[in-house]
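Before any comments, here is the structure.
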Amino acid sequence: MADNPSVEAGLSAFTVTLIIRRFDPETMDEPVWKDYDVELYPTDRVLDALHKIKWEQDGSLTFRRSCAHGICGSDAMRINGRNRLACKTLIKDLDITQPIYVEAIKGLPLEKDLVVDMEPFFASYREIQPFLIADAKPKDGKERIQSVAQREIFDDTTKCILCAACTSSCPVFWTDGQYFGPAAIVNAHRFIFDSRDEAAKVRLDILNDKEGVWRCRTTFNCTEACPRGIQVTQAIAEVKNAILAGKPAIPAGV
Amino acid sequence: MSSQAARSGAATAGRIPAPKRPAGTLYRGREGMWSWVLHRITGTAIFFFLLVHILDTSLIRLDAAAYDAVIGTYKTPIMGLGELALVAAIGLHALNGLRVIAIDFTQWGVKHQRLMFWIAIALWVVLMLGFAPRHLMHVFGGE
Ligand code: SF4
Ligand code: FES
(Lines give C-alpha, C1' and ligand atoms only; values in the text may rest on other atoms or scores of the structure.)
(Ligands and ions follow the chains in the order given, each with its own letter.)
Protein backbone atom coordinates (compact mmCIF):
# COMPACT_ATOMS: atom_id res chain seq x y z
CA MET A 1 0.00 0.00 0.00
CA ALA A 2 3.01 2.26 -0.53
CA ASP A 3 1.09 4.32 -3.07
CA ASN A 4 -1.74 5.07 -0.68
CA PRO A 5 -1.74 8.85 -0.08
CA SER A 6 -2.99 8.33 3.49
CA VAL A 7 0.01 6.19 4.34
CA GLU A 8 2.38 8.71 2.77
CA ALA A 9 0.75 11.48 4.80
CA GLY A 10 1.25 9.45 7.95
CA LEU A 11 -2.45 8.86 8.52
CA SER A 12 -3.56 5.64 10.09
CA ALA A 13 -6.49 3.42 9.23
CA PHE A 14 -9.52 3.10 11.47
CA THR A 15 -12.56 0.88 11.58
CA VAL A 16 -15.71 2.24 10.05
CA THR A 17 -19.12 0.59 10.25
CA LEU A 18 -21.19 0.63 7.09
CA ILE A 19 -24.85 -0.33 7.23
CA ILE A 20 -26.04 -1.31 3.79
CA ARG A 21 -29.61 -1.94 2.70
CA ARG A 22 -29.38 -5.33 1.00
CA PHE A 23 -31.99 -6.88 -1.26
CA ASP A 24 -31.95 -10.09 -3.24
CA PRO A 25 -35.12 -10.48 -5.33
CA GLU A 26 -34.67 -14.25 -5.53
CA THR A 27 -34.64 -14.97 -1.81
CA MET A 28 -36.17 -11.94 -0.09
CA ASP A 29 -39.53 -10.20 0.05
CA GLU A 30 -38.16 -7.05 1.59
CA PRO A 31 -34.76 -5.40 1.85
CA VAL A 32 -32.79 -5.78 5.08
CA TRP A 33 -30.05 -3.68 6.66
CA LYS A 34 -26.72 -5.45 7.16
CA ASP A 35 -23.69 -4.02 8.90
CA TYR A 36 -20.04 -4.42 7.92
CA ASP A 37 -16.85 -3.27 9.64
CA VAL A 38 -14.13 -2.05 7.28
CA GLU A 39 -10.60 -0.73 7.83
CA LEU A 40 -10.38 2.59 6.00
CA TYR A 41 -8.17 5.63 5.62
CA PRO A 42 -9.63 9.15 5.80
CA THR A 43 -8.76 9.63 2.14
CA ASP A 44 -10.74 6.58 1.08
CA ARG A 45 -14.12 7.03 -0.55
CA VAL A 46 -17.38 5.23 0.12
CA LEU A 47 -16.77 3.37 -3.14
CA ASP A 48 -13.49 2.01 -1.72
CA ALA A 49 -15.40 0.79 1.33
CA LEU A 50 -17.92 -1.00 -0.92
CA HIS A 51 -15.05 -2.57 -2.89
CA LYS A 52 -13.40 -3.80 0.30
CA ILE A 53 -16.64 -5.37 1.45
CA LYS A 54 -17.24 -6.99 -1.95
CA TRP A 55 -13.67 -8.23 -2.36
CA GLU A 56 -12.89 -9.26 1.20
CA GLN A 57 -16.13 -10.00 3.05
CA ASP A 58 -19.16 -10.64 0.87
CA GLY A 59 -18.81 -11.10 -2.87
CA SER A 60 -22.57 -10.98 -3.37
CA LEU A 61 -22.79 -7.25 -2.63
CA THR A 62 -24.12 -5.70 -5.83
CA PHE A 63 -23.62 -2.13 -7.00
CA ARG A 64 -22.84 -0.24 -10.21
CA ARG A 65 -19.64 1.63 -10.84
CA SER A 66 -17.54 2.19 -13.84
CA CYS A 67 -15.15 5.14 -13.98
CA ALA A 68 -14.69 5.51 -10.20
CA HIS A 69 -13.90 9.18 -10.84
CA GLY A 70 -17.21 11.02 -10.92
CA ILE A 71 -17.66 11.04 -14.68
CA CYS A 72 -19.79 8.07 -15.76
CA GLY A 73 -22.69 8.63 -13.35
CA SER A 74 -23.11 4.95 -12.42
CA ASP A 75 -22.86 5.00 -8.66
CA ALA A 76 -25.40 7.46 -7.34
CA MET A 77 -26.70 6.12 -4.04
CA ARG A 78 -28.18 7.39 -0.80
CA ILE A 79 -25.35 7.89 1.69
CA ASN A 80 -26.46 8.91 5.19
CA GLY A 81 -29.83 9.92 3.79
CA ARG A 82 -28.57 12.08 0.92
CA ASN A 83 -27.98 11.25 -2.73
CA ARG A 84 -24.27 11.19 -3.50
CA LEU A 85 -21.82 9.52 -5.88
CA ALA A 86 -20.00 6.83 -3.87
CA CYS A 87 -16.83 7.60 -5.82
CA LYS A 88 -16.89 11.29 -4.87
CA THR A 89 -17.74 10.93 -1.19
CA LEU A 90 -14.67 10.92 1.03
CA ILE A 91 -14.78 9.05 4.32
CA LYS A 92 -13.28 12.04 6.11
CA ASP A 93 -16.25 14.18 5.09
CA LEU A 94 -18.68 11.85 6.88
CA ASP A 95 -19.27 11.57 10.60
CA ILE A 96 -17.71 8.18 11.30
CA THR A 97 -18.38 8.18 14.99
CA GLN A 98 -21.72 6.96 13.63
CA PRO A 99 -22.17 4.13 11.13
CA ILE A 100 -22.48 5.12 7.48
CA TYR A 101 -25.85 4.22 5.99
CA VAL A 102 -25.80 3.25 2.32
CA GLU A 103 -28.90 2.40 0.30
CA ALA A 104 -30.15 2.54 -3.27
CA ILE A 105 -31.58 5.76 -4.71
CA LYS A 106 -35.30 6.21 -4.14
CA GLY A 107 -38.22 6.28 -6.57
CA LEU A 108 -36.84 3.87 -9.18
CA PRO A 109 -37.61 0.12 -9.02
CA LEU A 110 -35.09 -1.69 -6.77
CA GLU A 111 -33.44 -4.60 -8.58
CA LYS A 112 -30.73 -5.81 -6.22
CA ASP A 113 -28.84 -4.28 -3.28
CA LEU A 114 -27.76 -0.84 -4.56
CA VAL A 115 -28.85 -1.36 -8.17
CA VAL A 116 -32.10 0.16 -9.45
CA ASP A 117 -33.83 -0.04 -12.82
CA MET A 118 -32.81 3.19 -14.57
CA GLU A 119 -35.14 2.71 -17.54
CA PRO A 120 -37.95 5.06 -16.36
CA PHE A 121 -35.27 7.71 -15.83
CA PHE A 122 -33.80 7.30 -19.32
CA ALA A 123 -37.28 7.12 -20.88
CA SER A 124 -37.98 10.67 -19.62
CA TYR A 125 -34.57 11.74 -20.87
CA ARG A 126 -35.25 10.42 -24.38
CA GLU A 127 -38.64 12.08 -24.45
CA ILE A 128 -37.24 15.62 -24.35
CA GLN A 129 -35.19 14.90 -27.52
CA PRO A 130 -31.69 15.39 -26.10
CA PHE A 131 -29.91 16.15 -29.37
CA LEU A 132 -29.24 19.21 -31.52
CA ILE A 133 -32.04 19.85 -33.98
CA ALA A 134 -30.76 22.24 -36.67
CA ASP A 135 -32.14 21.70 -40.15
CA ALA A 136 -31.50 25.12 -41.70
CA LYS A 137 -28.19 25.42 -43.56
CA PRO A 138 -25.67 27.49 -41.58
CA LYS A 139 -24.96 30.98 -42.88
CA ASP A 140 -22.24 30.91 -45.61
CA GLY A 141 -22.64 27.13 -45.52
CA LYS A 142 -19.90 26.78 -42.93
CA GLU A 143 -20.47 26.86 -39.19
CA ARG A 144 -23.12 27.90 -36.71
CA ILE A 145 -21.45 30.75 -34.92
CA GLN A 146 -22.29 31.34 -31.28
CA SER A 147 -21.22 34.26 -29.10
CA VAL A 148 -19.61 33.82 -25.72
CA ALA A 149 -22.73 35.21 -24.06
CA GLN A 150 -24.92 32.76 -25.97
CA ARG A 151 -22.78 29.81 -24.90
CA GLU A 152 -22.71 31.04 -21.33
CA ILE A 153 -26.46 30.77 -20.65
CA PHE A 154 -26.55 26.98 -21.02
CA ASP A 155 -23.02 26.18 -19.85
CA ASP A 156 -24.20 24.89 -16.47
CA THR A 157 -26.60 22.34 -17.92
CA THR A 158 -23.99 20.83 -20.29
CA LYS A 159 -22.23 19.28 -17.29
CA CYS A 160 -24.83 16.61 -16.52
CA ILE A 161 -23.59 13.01 -16.29
CA LEU A 162 -27.09 11.44 -16.03
CA CYS A 163 -26.46 9.91 -12.63
CA ALA A 164 -30.11 10.35 -11.49
CA ALA A 165 -29.06 11.73 -8.10
CA CYS A 166 -31.33 14.74 -8.70
CA THR A 167 -34.41 12.96 -10.04
CA SER A 168 -34.31 10.34 -7.26
CA SER A 169 -33.97 13.04 -4.58
CA CYS A 170 -37.19 14.73 -5.66
CA PRO A 171 -40.21 14.19 -3.36
CA VAL A 172 -42.53 14.83 -6.31
CA PHE A 173 -40.83 12.06 -8.34
CA TRP A 174 -41.08 9.58 -5.43
CA THR A 175 -44.86 9.86 -5.38
CA ASP A 176 -45.42 10.51 -9.10
CA GLY A 177 -43.10 8.45 -11.29
CA GLN A 178 -44.66 10.03 -14.38
CA TYR A 179 -43.05 13.40 -13.59
CA PHE A 180 -40.23 14.09 -16.08
CA GLY A 181 -37.91 14.85 -13.19
CA PRO A 182 -35.06 17.35 -12.84
CA ALA A 183 -32.50 15.50 -15.01
CA ALA A 184 -34.75 15.45 -18.09
CA ILE A 185 -35.50 19.17 -17.62
CA VAL A 186 -31.80 19.98 -17.16
CA ASN A 187 -31.01 18.25 -20.45
CA ALA A 188 -33.93 19.94 -22.20
CA HIS A 189 -32.62 23.27 -20.89
CA ARG A 190 -29.26 22.50 -22.47
CA PHE A 191 -30.85 22.55 -25.96
CA ILE A 192 -33.72 24.99 -25.38
CA PHE A 193 -31.20 27.72 -24.52
CA ASP A 194 -28.73 26.78 -27.28
CA SER A 195 -28.91 29.51 -29.97
CA ARG A 196 -28.06 26.92 -32.69
CA ASP A 197 -31.00 24.70 -31.89
CA GLU A 198 -34.29 25.15 -33.76
CA ALA A 199 -36.65 23.00 -31.70
CA ALA A 200 -36.94 25.00 -28.47
CA LYS A 201 -40.67 25.34 -29.14
CA VAL A 202 -41.10 21.56 -29.39
CA ARG A 203 -39.29 20.92 -26.13
CA LEU A 204 -41.14 23.71 -24.34
CA ASP A 205 -44.41 22.14 -25.49
CA ILE A 206 -43.32 18.73 -24.19
CA LEU A 207 -42.46 20.20 -20.79
CA ASN A 208 -45.59 22.43 -20.61
CA ASP A 209 -47.45 19.37 -19.41
CA LYS A 210 -49.19 18.20 -16.27
CA GLU A 211 -46.15 15.98 -15.66
CA GLY A 212 -43.71 18.61 -16.90
CA VAL A 213 -42.00 21.59 -15.25
CA TRP A 214 -45.14 22.63 -13.35
CA ARG A 215 -44.75 19.60 -11.10
CA CYS A 216 -41.60 21.20 -9.67
CA ARG A 217 -42.25 22.41 -6.12
CA THR A 218 -38.81 24.02 -5.63
CA THR A 219 -37.66 21.76 -2.78
CA PHE A 220 -34.04 22.24 -3.95
CA ASN A 221 -33.22 18.59 -3.10
CA CYS A 222 -31.99 18.17 -6.70
CA THR A 223 -29.66 21.18 -6.57
CA GLU A 224 -28.16 19.94 -3.30
CA ALA A 225 -27.77 16.38 -4.62
CA CYS A 226 -26.14 17.14 -7.99
CA PRO A 227 -22.53 15.91 -7.92
CA ARG A 228 -21.70 18.29 -10.80
CA GLY A 229 -22.89 21.35 -8.88
CA ILE A 230 -25.50 22.17 -11.50
CA GLN A 231 -28.03 24.77 -10.34
CA VAL A 232 -30.87 22.40 -11.19
CA THR A 233 -33.76 24.31 -9.60
CA GLN A 234 -32.60 27.47 -11.35
CA ALA A 235 -32.54 25.68 -14.73
CA ILE A 236 -36.09 24.44 -14.11
CA ALA A 237 -37.20 27.96 -13.18
CA GLU A 238 -35.67 29.27 -16.42
CA VAL A 239 -37.60 26.70 -18.44
CA LYS A 240 -40.83 27.65 -16.60
CA ASN A 241 -40.25 31.30 -17.51
CA ALA A 242 -39.42 30.39 -21.12
CA ILE A 243 -42.77 28.60 -21.37
CA LEU A 244 -44.57 31.65 -19.96
CA ALA A 245 -42.73 33.93 -22.41
CA GLY A 246 -43.31 31.52 -25.31
CA LYS A 247 -39.58 31.38 -26.10
CA PRO A 248 -36.24 31.16 -24.30
CA ALA A 249 -34.42 34.43 -23.51
CA ILE A 250 -31.28 34.04 -25.62
CA PRO A 251 -28.83 36.98 -25.99
CA ALA A 252 -28.40 38.52 -29.45
CA GLY A 253 -25.89 36.83 -31.77
CA VAL A 254 -22.43 37.80 -32.95
CA MET B 1 -6.92 16.24 13.00
CA SER B 2 -8.78 16.49 16.25
CA SER B 3 -11.53 14.13 15.18
CA GLN B 4 -9.00 11.34 14.81
CA ALA B 5 -9.32 10.47 18.51
CA ALA B 6 -13.08 10.38 18.28
CA ARG B 7 -12.81 8.02 15.35
CA SER B 8 -10.58 5.48 17.00
CA GLY B 9 -12.86 5.83 20.02
CA ALA B 10 -15.79 4.81 17.89
CA ALA B 11 -13.85 1.84 16.59
CA THR B 12 -13.28 0.46 20.07
CA ALA B 13 -16.72 1.35 21.42
CA GLY B 14 -18.10 -1.78 19.82
CA ARG B 15 -20.31 -2.42 16.85
CA ILE B 16 -23.44 -0.45 16.32
CA PRO B 17 -26.13 -2.90 15.26
CA ALA B 18 -28.03 -2.46 12.04
CA PRO B 19 -31.57 -1.09 12.26
CA LYS B 20 -34.35 -3.64 12.33
CA ARG B 21 -36.79 -1.89 10.03
CA PRO B 22 -36.33 -2.72 6.37
CA ALA B 23 -37.58 0.73 5.36
CA GLY B 24 -35.13 3.21 3.90
CA THR B 25 -33.88 6.19 5.85
CA LEU B 26 -35.73 9.47 5.76
CA TYR B 27 -34.28 11.62 2.98
CA ARG B 28 -32.25 14.36 4.61
CA GLY B 29 -33.41 17.33 2.59
CA ARG B 30 -32.63 20.82 3.78
CA GLU B 31 -34.60 24.09 4.19
CA GLY B 32 -36.11 23.80 0.71
CA MET B 33 -37.62 20.39 1.37
CA TRP B 34 -38.94 21.25 4.82
CA SER B 35 -40.44 24.52 3.60
CA TRP B 36 -42.28 22.49 0.98
CA VAL B 37 -43.52 20.02 3.62
CA LEU B 38 -44.81 22.90 5.77
CA HIS B 39 -46.37 24.55 2.72
CA ARG B 40 -48.22 21.33 1.88
CA ILE B 41 -49.49 20.72 5.41
CA THR B 42 -50.63 24.31 5.95
CA GLY B 43 -52.13 24.45 2.44
CA THR B 44 -54.18 21.30 2.98
CA ALA B 45 -55.35 22.48 6.41
CA ILE B 46 -56.41 25.85 5.00
CA PHE B 47 -58.25 24.14 2.15
CA PHE B 48 -60.35 22.03 4.51
CA PHE B 49 -61.06 25.03 6.72
CA LEU B 50 -62.27 27.04 3.73
CA LEU B 51 -64.47 24.15 2.60
CA VAL B 52 -66.21 24.00 5.98
CA HIS B 53 -66.31 27.77 6.21
CA ILE B 54 -68.03 28.16 2.85
CA LEU B 55 -70.60 25.53 3.87
CA ASP B 56 -71.38 27.12 7.23
CA THR B 57 -71.57 30.61 5.75
CA SER B 58 -73.95 29.43 3.06
CA LEU B 59 -76.29 28.28 5.85
CA ILE B 60 -77.35 31.88 6.37
CA ARG B 61 -79.22 31.86 3.08
CA LEU B 62 -81.11 28.73 4.08
CA ASP B 63 -81.85 29.16 7.75
CA ALA B 64 -80.65 32.10 9.84
CA ALA B 65 -81.35 30.33 13.15
CA ALA B 66 -79.27 27.32 12.17
CA TYR B 67 -76.51 29.69 11.10
CA ASP B 68 -76.54 31.41 14.49
CA ALA B 69 -76.42 28.06 16.25
CA VAL B 70 -73.42 26.88 14.23
CA ILE B 71 -71.53 30.15 14.63
CA GLY B 72 -72.34 30.04 18.35
CA THR B 73 -70.49 26.77 18.75
CA TYR B 74 -67.37 28.49 17.41
CA LYS B 75 -67.16 30.62 20.53
CA THR B 76 -65.66 27.81 22.62
CA PRO B 77 -62.05 27.71 23.85
CA ILE B 78 -61.27 24.72 21.62
CA MET B 79 -62.40 26.66 18.57
CA GLY B 80 -60.39 29.60 19.90
CA LEU B 81 -57.26 27.47 19.80
CA GLY B 82 -58.29 26.26 16.36
CA GLU B 83 -58.43 29.88 15.22
CA LEU B 84 -54.93 30.40 16.53
CA ALA B 85 -53.74 27.38 14.53
CA LEU B 86 -55.56 28.70 11.46
CA VAL B 87 -53.89 32.10 11.68
CA ALA B 88 -50.53 30.38 12.21
CA ALA B 89 -51.06 28.20 9.13
CA ILE B 90 -52.19 31.10 6.93
CA GLY B 91 -49.28 33.27 8.10
CA LEU B 92 -46.72 30.62 7.28
CA HIS B 93 -48.32 29.74 3.95
CA ALA B 94 -48.48 33.39 2.91
CA LEU B 95 -44.89 34.24 3.87
CA ASN B 96 -43.44 31.11 2.27
CA GLY B 97 -45.66 31.74 -0.73
CA LEU B 98 -43.89 35.06 -1.28
CA ARG B 99 -40.58 33.18 -1.08
CA VAL B 100 -41.74 30.68 -3.72
CA ILE B 101 -42.84 33.52 -6.03
CA ALA B 102 -39.37 35.08 -5.69
CA ILE B 103 -37.78 31.71 -6.52
CA ASP B 104 -39.97 31.19 -9.57
CA PHE B 105 -39.45 34.60 -11.08
CA THR B 106 -36.01 35.87 -10.01
CA GLN B 107 -32.49 34.49 -10.08
CA TRP B 108 -31.92 36.35 -6.85
CA GLY B 109 -34.65 34.29 -5.24
CA VAL B 110 -33.12 30.99 -6.32
CA LYS B 111 -29.78 32.04 -4.89
CA HIS B 112 -31.08 33.20 -1.53
CA GLN B 113 -33.90 30.71 -1.01
CA ARG B 114 -32.40 29.31 2.19
CA LEU B 115 -31.96 32.77 3.75
CA MET B 116 -35.47 33.71 2.67
CA PHE B 117 -36.85 30.63 4.41
CA TRP B 118 -35.37 31.75 7.74
CA ILE B 119 -36.55 35.32 7.15
CA ALA B 120 -40.07 33.98 6.55
CA ILE B 121 -39.88 31.94 9.77
CA ALA B 122 -38.59 34.98 11.73
CA LEU B 123 -41.38 37.22 10.41
CA TRP B 124 -43.90 34.53 11.21
CA VAL B 125 -42.65 34.23 14.79
CA VAL B 126 -42.90 38.01 15.22
CA LEU B 127 -46.45 38.02 13.82
CA MET B 128 -47.50 35.17 16.06
CA LEU B 129 -45.94 36.78 19.13
CA GLY B 130 -48.04 39.85 18.38
CA PHE B 131 -51.23 37.93 17.69
CA ALA B 132 -51.27 34.96 20.06
CA PRO B 133 -51.35 36.74 23.48
CA ARG B 134 -54.13 39.13 22.44
CA HIS B 135 -56.13 36.35 20.88
CA LEU B 136 -55.75 34.00 23.84
CA MET B 137 -56.75 36.81 26.22
CA HIS B 138 -59.80 37.28 24.11
CA VAL B 139 -60.65 33.57 24.09
CA PHE B 140 -59.94 32.75 27.73
CA GLY B 141 -60.33 36.16 29.34
CA GLY B 142 -63.97 36.30 28.31
CA GLU B 143 -63.67 39.85 26.96
S1 SF4 C 1 -28.33 17.17 -13.18
FE2 SF4 C 1 -26.69 16.54 -11.75
S3 SF4 C 1 -27.71 15.08 -10.34
FE4 SF4 C 1 -29.05 15.28 -12.12
S5 SF4 C 1 -28.47 13.58 -13.47
FE6 SF4 C 1 -27.29 15.40 -14.13
S7 SF4 C 1 -25.34 15.24 -13.01
FE8 SF4 C 1 -26.77 13.83 -11.98
S1 FES D 1 -18.17 5.32 -10.80
FE2 FES D 1 -18.39 6.72 -12.45
S3 FES D 1 -19.36 8.39 -11.48
FE4 FES D 1 -18.86 7.14 -9.78
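Everything numeric here is computed off the predicted structure, so don't read it as measured data. Proteins get letters first, then strands, A, B, ... in listed order; numbering begins at 1 in each.
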> What part of B:I103 lies closer than 4.5 angstrom to a heavy atom of chain A: side chain, backbone, both or neither?
Replying inline: both

>> Using heavy-atom distances under 4.5 Å, tell me whether B:E31 contacts chain A through its side chain, its backbone, both, or neither.
In response: neither

Within a strict 4.5 Å, meaning less than it, do heavy atoms of the [X] and [Y] side chains meet?
X      : Y     : answer
A:T218 : B:W36 : no
B:Y27  : A:R78 : yes
A:E224 : B:M33 : no

Name the region of [X], side chain, backbone, both or neither, that has any atom closer than 4.5 Å to a heavy atom of chain B.
X      : result
A:I236 : neither
A:D95  : neither
A:T223 : neither

> Do side-chain atoms of A:R82 reach the backbone of B:R28 as a donor and acceptor pair under 3.5 angstrom?
Replying inline: yes

I'd like to know whether [atom1] of [X] has more than 12 heavy-atom contacts from other residues, nucleotides or ligands below 6.0 angstrom.
X      : atom1 : answer
B:I78  : CD1   : no
A:K159 : NZ    : yes
B:R114 : CZ    : yes
A:D29  : CG    : no

> Can you tell me how far the OG1 atom of A:T219 sits from the NE2 atom of B:H39, to the nearest 0.5 Å?
Replying inline: 13.0 Å

>> Heavy-atom pairs under 4.5 Å with chain B: which of A:A225, A:S169, A:C216 has the most?
In response: A:S169

>> Quick one, B:Q107 with A:E238, criterion side chain to side chain contact (heavy atoms under 4.5 Å, CB included). Give me CA distance, side-chain angles, the key distance, then yes/no.
In response: CA-CA 9 Å; B:Q107 284 205 7; A:E238 285 172 11; 3.7 Å; yes

> Considering all heavy atoms of both residues, which atom of A:K240 and which atom of B:D104 are nearest to each other, and what is their separation?
Replying inline: NZ-OD1, 3.1 Å

